[in-house]
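Presented below is the structure to which this report refers.
So that the names make sense, note that chain A is the first sequence line, chain B the second, and so on, each numbered from 1.
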Protein chains: 2
Amino acid sequence: MARPREVDPWDPTPIYLQIAGFLREDIESGKLAPGAQLPSEKEIQQTYGVARETARAVVRKLRDEGRVVTLPGRGTFVPPG
Amino acid sequence: MARPREVDPWDPTPIYLQIAGFLREDIESGKLAPGAQLPSEKEIQQTYGVARETARAVVRKLRDEGRVVTLPGRGTFVPPG
DNA sequence: TTTCATTTGTTCGTATGTATT
DNA sequence: CAATACATACGAACAAATGAA
């Protein structure tokens with residue numbers, strides 16, 4: 001496990017957008033390849049030390065961008081090409 | 001003011017989707033014409049007796065559908081034709 | 001089949017910040 | 001300045017879907 005990038009509380013960018021940026025990088029770099037599963041909401045909470053609503057906002061943002069798809073009860077994934 | 005339609009707690013449909021349905025009807029029927037302002041989050045809360053996040057989810061749903069636009073600090077509106 | 005753990009969905013509460021009027 | 005309105009973020013609880021045991 002790589003050390004997680006950390007949220008910068010001094011950055012005026014909302015926390016959820018900072019984290020969404022981290023995951024967006026992972027998708028674009030291929031570190032999260034098509035078909036890969038994103039960290040769960042709970043993992044996002046624990047990794048970055050944020051509340052669930054913040055974790056959910058992260059995923060919602062990426063979903064709104066069309067970068068990921070969420071399957072209830074299963075998880076959130078990078079869609080296949 | 002017409003008496004508000006009421007949320008049916010026995011309907012398995014999520015409350016925020018029920019309320020979004022009410023407002024969607026108002027938009028499609030022309031009761032909320034292009035340019036009209038939607039009820040605020042607080043008004044939705046009070047009218048239907050729901051929490052803020054629920055009221056926000058109502059507006060977000062309609063926004064995601066492209067039926068309304070939100071102007072921060074002003075309100076949510078039915079966009080002009 | 002039933003049970004259990006995991007994951008997302010929904011709902012409520014509270015607080016603070018920012019922008020507009 | 002004050003009122004209004006949306007944005008963000010913390011906490012808490014229960015429901016629903018899924019899959020594995």
Practice item. Following the transitive rule for hydrophobic clusters with a side-chain heavy-atom cut-off under 4.5 Å over Ile, Leu, Val, Met, Phe, Trp and Tyr, establish whether A:V58 and A:V69 coincide in one cluster. Key: no
Revision key, fill the gap. So the contacted stretch of DNA chain D, first to last nucleotide with an atom under 4.0 Å from a non-hydrogen atom of chain B, runs from D:dA5 to D:dT8
Study note, to complete from the structure: To the nearest 0.5 Å, atom CG of A:D26 lies from atom CG of A:L38 at 8.0 Å
Review point. With B:A57, which residues qualify under side chain to side chain contact (heavy atoms under 4.5 Å, CB included), at least two apart?
Key: B:Y16, B:R60
Exercise for review: Describe the nucleic acid contact of B:V59 in one word from base, sugar-phosphate, nothing, applying a heavy-atom distance below 4.0 Å.
Suggested key: nothing
Check your understanding: Partners of A:V7 by side chain to side chain contact (heavy atoms under 4.5 Å, CB included), sequence neighbours excluded?
Key -> A:I15, A:Q18, A:I19, A:Y48
Practice item. Enumerate the residues from residues 51-58 of chain B whose closest heavy atom to DNA chain C is under 4.0 Å, giving them by residue number; use none for an empty result. Key: B:A51, B:R52, B:E53, B:T54
Check your understanding: Looking at DNA chain D, which of residues 60-71 of chain B put a heavy atom within less than 4.0 Å of it?
Key -> B:T70
Point to revise | Interatomic distance, B:E25 atom CD to B:L32 atom CG [nearest 0.5 angstrom] | key: 11.0 Å
Revision key, fill the gap. Numerically ordered, the residues 32-39 of chain A set in heavy-atom contact under 4.0 Å with DNA chain D is none
Check your understanding: Considering residues at least two apart in sequence or located in another chain, which fulfil the ring-ring contact (aromatic ring centres under 6.0 Å, His included) criterion with B:F77?
Key -> none
Check your understanding: Got a sec? Which of residues 14-27 of chain A come in under 4.0 Å of DNA chain C, heavy atoms?
Key -> none
Check your understanding: Could you write out DNA chain D as a dot-bracket string, with dots for unpaired bases, | for bases paired across to another strand, and Watson-Crick or G-U pairs counted at under 3.5 Å?
Key -> .||||||||||||||||||||
Point to revise | Inter-residue atom distance B:Q37.CD - B:L71.CG, 0.5 Å rounding | key: 9.0 Å
Check your understanding: Are any non-hydrogen side-chain atoms of A:V68 and A:L23 less than 4.5 angstrom apart?
Key -> no
Exercise for review: Check side chain to side chain contact (heavy atoms under 4.5 Å, CB included) between B:T70 and all other residues, then give those that pass, not counting sequence neighbours.
Suggested key: B:V59, B:R63, B:T76
**Study point:** Spatial distance of atom CD (A:Q45) from atom OG1 (A:T47) [nearest 0.5 Å]
**Key:** 10.0 Å
Exercise for review: Would you please name every residue forming a side chain to side chain contact (heavy atoms under 4.5 Å, CB included) with B:E65, sequence neighbours left out?
Suggested key: B:R24, B:K61, B:L62, B:R67
Exercise for review: Could you tell me whether the side chain of A:E43 and the main chain of A:S40 form a donor-acceptor pair under 3.5 Å?
Suggested key: yes
Practice item. Mind listing the closest non-hydrogen atom pair of A:P79 and A:P34 along with its distance? Key: O-CB, 3.6 Å
Study note, to complete from the structure: Bounded by its outermost nucleotides with an atom under 4.0 Å from a heavy atom of chain B, the footprint on DNA chain C reads C:dT10 to C:dT21
